[in-house]
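The model shown is predicted, which means the values in this text are computed figures rather than measured ones. Residue indices begin at 1 and follow the sequence shown.
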Amino acid sequence: QARLVESGGGLVQPGGSLRLSCAASGSTLDDYAIGWFRQAPGKGREGIACISPIDGSTYHVPSVKGRFTIARDNAKNTVYLEMNSLKPEDTAVYYCAAVAGIFTTTPARYTFWGQGTQVTVSA
């Protein structure tokens, strides 16, 4: 079973960049698809990207495609979300999550969740 810890959030100016990390323990990333999600105050949880456990294929939702990139480092058992050209609308708590045998950005399908890391985009 996977345990996940997010890190790398913080305060950044519009147009800036951050790299979030999702460190896994209790299992290897080969066993799970990993998704990145975010939740702004008063809003529902939004899937933004996922990476396949089979071949490393990735998917990014249109609102972040071209700005955010999901990647994995199997040696470090870590998945990253590199965020560029950040906008105030990107402000949210960002979560990573894991699920076995599924490739999806639907939050309800994910089994294991990290605690979240705050990203604030403001001048």
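At a threshold of 4.5 Å between side-chain heavy atoms, the hydrophobic network of Ile, Leu, Val, Met, Phe, Trp and Tyr places Val61 and Leu20 in one connected group.
Residue pairs meeting the disulfide (SG to SG under 2.5 Å) criterion with at least one member in residues 62-123, sequence neighbours excluded, are Cys22-Cys96. Screening residues 2-25 for ring-ring contact (aromatic ring centres under 6.0 Å, His included), with sequence neighbours left out, gives no hits. Among residues at least two apart or in separate chains, there is no ring-ring contact (aromatic ring centres under 6.0 Å, His included) pair with a member in residues 40-88.
Residues passing the ring-ring contact (aromatic ring centres under 6.0 Å, His included) test with Tyr94, sequence neighbours excluded: none. Not counting sequence neighbours, the partners of Gln118 by the side chain to side chain donor-acceptor pair (under 3.5 Å) test are Thr120. Applying the disulfide (SG to SG under 2.5 Å) rule to Cys50 yields no partners; only residues at least two apart in sequence or on another chain are considered. Applying the side chain to side chain donor-acceptor pair (under 3.5 Å) test to Thr104 and every residue at least two apart in sequence or in another chain returns Thr106. Remark: Glu46 engages Arg38 in a side chain to side chain donor-acceptor pair (under 3.5 Å) (not counting sequence neighbours). Applying the ring-ring contact (aromatic ring centres under 6.0 Å, His included) test to Phe112 and every residue at least two apart in sequence or in another chain returns Tyr32. Residues satisfying the side chain to side chain donor-acceptor pair (under 3.5 Å) test with Ser17, not counting sequence neighbours, are Asn84. Applying the side-chain contact (heavy atoms from CB on, under 4.5 Å) criterion to Arg67, with sequence neighbours excluded, gives Val64, Ser85, Lys87, Asp90.
Between the side chain of Ser57 and the main chain of Asp55, no donor-acceptor pair closer than 3.5 Å is present. In this structure, the side chain of Arg72 does not engage the main chain of Ile34 through any donor-acceptor pair within 3.5 Å.
Side-chain atoms of Ser122 and Leu11, non-hydrogen and from C-beta on, do get closer than 4.5 Å to each other. Side chains of Thr69 and Leu81 form no contact here, defined as non-hydrogen atoms less than 4.5 Å apart.
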Test side-chain contact (heavy atoms from CB on, under 4.5 Å) applied to Thr91 and Val119, step by step: CA-CA 5 Å; Thr91 296; Val119 173; 5.9 Å; no
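Across every non-hydrogen atom of Ser21 and Thr78, the tightest pair is CB-CG2, 4.2 Å. Among all heavy-atom pairs drawn from Val5 and Gln115, the shortest one is CA-OE1, 3.6 Å. Closest of all the heavy-atom pairs between Pro107 and Gly47 is CG-N, 4.4 Å.
For the atom pair Gln39 CD and Arg45 CZ, the distance stands at 5.0 Å (nearest 0.5 Å). The OG1 atom of Thr105 sits 10.0 Å away from atom CD1 of Ile48, with the distance rounded to the nearest 0.5 Å.
Through direct or indirect side-chain contacts shorter than 4.5 Å among Ile, Leu, Val, Met, Phe, Trp and Tyr, Trp113 is connected to Phe37, Val93, Tyr95, Val99, Ile102, Tyr110.
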